Amino acid sequence: CNGQPQKKIEAGTTLGQIVLSNSAKTLFAAVAEPDAPAAVRCYKFPLDGYYNEFSCHSAPVTRIRVTFDDYFLFTCSEDGCLFIFDVRKKDRVASKRDKENVLPPADEILVTRTFLDEKQGQLLELERQVEELSNQIEFQLRHRESFHKEEMVELEEKYTQEIDQERTKYDILREERNDAEMEADENMKTLAELHAKQTQDLEASFQNKMMIEVGRYQKLAAERESVHKFWENQHRDLMERHNKTVTERKSEFEAKQQEDKRAIQRIMEEKRLAEEVHQETMKQLEQDTDREIEELKEEKELRLKAEKDDKVRLRGMSGIHKRNHEDLKRLMTKKEEELRQYQEEARKKQDRIDQLEKEKAHNLKEIQERDKQIGDKEGKIYDLKKQNQELEKFKFVLDYKIKELKAQIDPKSEAIAEMMKQIQAMDSDLEDYHRKNKQLQVNIQQLQSKQKSLQEEIISQRKRMLESQTIIKRFKNDLHECVQFIQEPKLLKESAQRLYQKYVPNGIKKQELDADIQQEYNRQRDYLEKSVESLKRKLLKDSDVHRQDNTRILQENVQLIREINDLRREIDYLKRERQQQKLNVSKLKKSSGKSASSTQASMMDPNETREVEANKTHLEELRRGIENQMSLREGYVARHSAGSDNSEA
């Protein structure tokens, strides 16, 4: 044809896969329209436009093939389905290749009676081995159930002890808190009593000082104007200094308040992050536990189903053997009846024999009975030997299991000791934090009481200033009225005497006490400033320590989560290996019913179950450690937030 088309036929759609049959009489094509169901068309070859269409796939066909003998057509598509079409013709004549590929007839194989006897002996031996294996499996199941029960009892006792310890710790902490509250109340009462006594002493001293000042004022009436000017200057300076100190204190208080707010916000953010981490870890743990429980249920159900099937099969075989045994018993009874008949006939015929022959027969009977007794004893000895061998096998298995359990217990005990050391270290850290928090609360309470006393002193000083200002105003008014009598000496003298008697009833105070008051005021101010600075430094150090502890706890949580993920991967890997081993064991059982494969499978299952159980216990210990750390951290955050609230108050 030289590459030129011989015939053109319109298909009306897009055709994807095309295949020609080996007989070159039919052409198969698949429709390849996107997002549309695909059909298979069958054309007669050479093409004449006629075809049969079969709708089967819901997506475009990816492959289409015909078998070498034109019997079947295979199609597969993107919908994941495989269709097989029977394209054979009923009147098709077998080709030469089909004739060549026809298998020759099988030759018959003759077997000897010895071969059959050997096979039957092997069958009996295999049945005995099956019985032994079933007994061994039942013993292992009972032993495993007892072991699980003991482990459950130990775990319950352990958890109850831990719960009791936690309750005792909670009771001790609650009693300590009540004691601390009682001590704080007693301290508040004592401070209130001391404050009341100090206020009374200050009022009495103030009254005495006022009396002395009045006496001094009467003596220094001549120098009133100069003293008044000096006092005004000094008062102005004191007011300016007082205002400066008040503004500085206000600015310091506002800065401290802002720092406390920022610290509270930072702590709340850390608390929120810790809660989110805790919630995520709890979700992961819940999902892991649910998934593990479902997988264990499925494994146990599959194992029970397999054991039930084996049990039913063994029961059927035992029923068959029982029937055979009963048939043999019937035959033996028939034979015994025939023998009895023959013996009765022999006895009838031998009635004429002498008594010596009777004694001979009697002796022969005794010999037979003794032979039977000897045979019974030999059978019992054989059975006892079998039992002894089985017990030795069980002893070997139990010794091996005990060694494995000891090897698994040693690293677990070391890990438990390390965890206990970590818990003790964390408990000591928590006790140090509690002590520091208590000391900080006591310092804050002392500072609050000092602040209150200073505020009360400031209020009393303001009251005194107001009273002195009112007295000065009155004195100015009276002096103005007295100055009006300046041209009348008598009236001026009388008015001056009245002023003296009115404003200086107890004399004039000494001016030297003002310097002492000023020194005491400066000394107290310096002391308070130093104490405030030291408390700020302590608060910054404690906040840094708390921040470091929070970061350390978060890092430990991250490490624990990583360890949990690694253990989860190991468990998945072990499960996959276990499934693969089960599949291999099942294949071996189907291919050859030998006892070696079954014993290996029975030896593999306990090891794998022990490894899975050890991993589960390790996971549970890690979860308990995470929960304890999270509970301790939440308690610490709550106490710290309560302490910050008290400091703000």
Side-chain angles (χ1 to χ4, degrees), residues 192-250 449-529:
E193 290 175 358
L194 288 170
H195 182 67
K197 288 179 182 179
Q198 288 177 359
T199 52
Q200 290 177 2
D201 295 330
L202 287 170
E203 286 176 359
S205 64
F206 179 74
Q207 288 177 1
N208 292 323
K209 287 178 182 180
M210 285 296 291
M211 295 294 289
I212 293 165
E213 290 293 329
V214 168
R216 287 179 67 196
Y217 184 77
Q218 289 176 358
K219 291 178 183 179
L220 298 170
E223 298 177 356
R224 185 174 61 244
E225 291 178 357
S226 62
V227 170
H228 183 66
K229 289 179 182 178
F230 178 77
W231 184 83
E232 284 181 351
N233 293 324
Q234 192 176 7
H235 180 68
R236 194 180 299 111
D237 294 331
L238 285 169
M239 287 297 292
E240 288 175 357
R241 276 185 267 172
H242 180 69
N243 290 324
K244 285 181 182 178
T245 55
V246 169
T247 53
E248 287 175 356
R249 291 285 176 83
K250 283 183 179 178
S449 63
K450 288 178 182 178
Q451 187 180 4
K452 287 180 182 178
S453 63
L454 287 171
Q455 287 178 356
E456 289 174 358
E457 286 180 0
I458 289 163
I459 291 165
S460 63
Q461 290 290 334
R462 285 178 181 173
K463 287 181 181 178
R464 290 173 189 171
M465 287 172 66
L466 290 170
E467 288 175 358
S468 62
Q469 286 177 1
T470 54
I471 291 166
I472 289 163
K473 286 180 182 178
R474 289 176 187 173
F475 181 76
K476 283 181 179 180
N477 292 324
D478 293 333
L479 185 63
H480 182 69
E481 289 177 357
C482 182
V483 169
Q484 291 179 0
F485 298 105
I486 196 166
Q487 295 179 0
E488 296 178 1
K490 290 181 180 180
L491 295 172
L492 183 62
K493 186 178 180 180
E494 289 176 357
S495 62
Q497 288 177 356
R498 284 196 298 274
L499 283 170
Y500 186 80
Q501 291 175 359
K502 183 177 180 181
Y503 291 102
V504 190
N506 296 322
I508 300 168
K509 293 181 181 179
K510 292 181 181 180
Q511 192 68 25
E512 294 176 356
L513 293 172
D514 293 334
D516 295 331
I517 292 165
Q518 186 65 31
Q519 287 178 0
E520 184 68 19
Y521 177 76
N522 291 326
R523 188 174 65 78
Q524 289 182 357
R525 186 180 66 185
D526 293 331
Y527 174 74
L528 289 171
E529 287 176 353

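Numbering starts at 1 and runs along the sequence shown. These numbers were taken from a predicted model, which means no experiment stands behind them.
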Chemist: Just how far is it from atom CD of Q461 to atom CE of M465, taken to the nearest 0.5 Å?
Modeler: 8.5 Å

Chemist: Does the side chain of R474 pick up a donor-acceptor pair with the side chain of N477 at under 3.5 Å?
Modeler: no

Chemist: Can you name the closest pair of heavy atoms from L499 and C482 and give their distance?
Modeler: CD1-CB, 3.8 Å

Chemist: Going through the distances and angles, do K473 and T470 end up as a side-chain contact (heavy atoms from CB on, under 4.5 Å)?
Modeler: CA-CA 5 Å; K473 286 180 182 178; T470 54; 5.7 Å; no

Chemist: Rounded to the nearest 0.5 Å, how far apart are CD of Q501 and CZ of R498?
Modeler: 9.0 Å

Chemist: Apply side-chain contact (heavy atoms from CB on, under 4.5 Å) to the pair Q455 and Q451, showing each step before the final yes or no.
Modeler: CA-CA 6 Å; Q455 287 178 356; Q451 187 180 4; 3.7 Å; yes

Chemist: Looking at CD of Q484 and OG of S495, how far apart are the two atoms once the value is rounded to the nearest 0.5 Å?
Modeler: 10.0 Å

Chemist: Nearest 0.5 Å, what's the CD-OG distance between Q198 and S453?
Modeler: 8.0 Å

Chemist: For the residue pair R525 and R249, establish whether any side-chain heavy-atom pair is separated by less than 4.5 Å.
Modeler: yes

Chemist: Report the distance from atom OG1 of T245 to atom CG of L528, rounding to the nearest 0.5 Å.
Modeler: 11.5 Å

Chemist: Mind running side-chain contact (heavy atoms from CB on, under 4.5 Å) on I458 and H242 for me, showing each step along the way?
Modeler: CA-CA 10 Å; I458 289 163; H242 180 69; 4.1 Å; yes

Chemist: Taking C-beta and beyond as the side chain, do E529 and D526 meet within less than 4.5 Å on heavy atoms?
Modeler: yes

Chemist: Considering only heavy atoms from C-beta outward, does the side chain of M239 approach that of K244 to under 4.5 Å?
Modeler: no

Chemist: Let's go through K450 and Y527 carefully: what are the C-alpha distance in whole Å and the side-chain angles of both, what is the deciding distance for side-chain contact (heavy atoms from CB on, under 4.5 Å) to 0.1 Å, and is it a yes or a no?
Modeler: CA-CA 11 Å; K450 288 178 182 178; Y527 174 74; 3.3 Å; yes

Chemist: To the nearest 0.5 angstrom, please state how far the NE2 atom of H195 sits from the CD atom of Q200.
Modeler: 10.5 Å

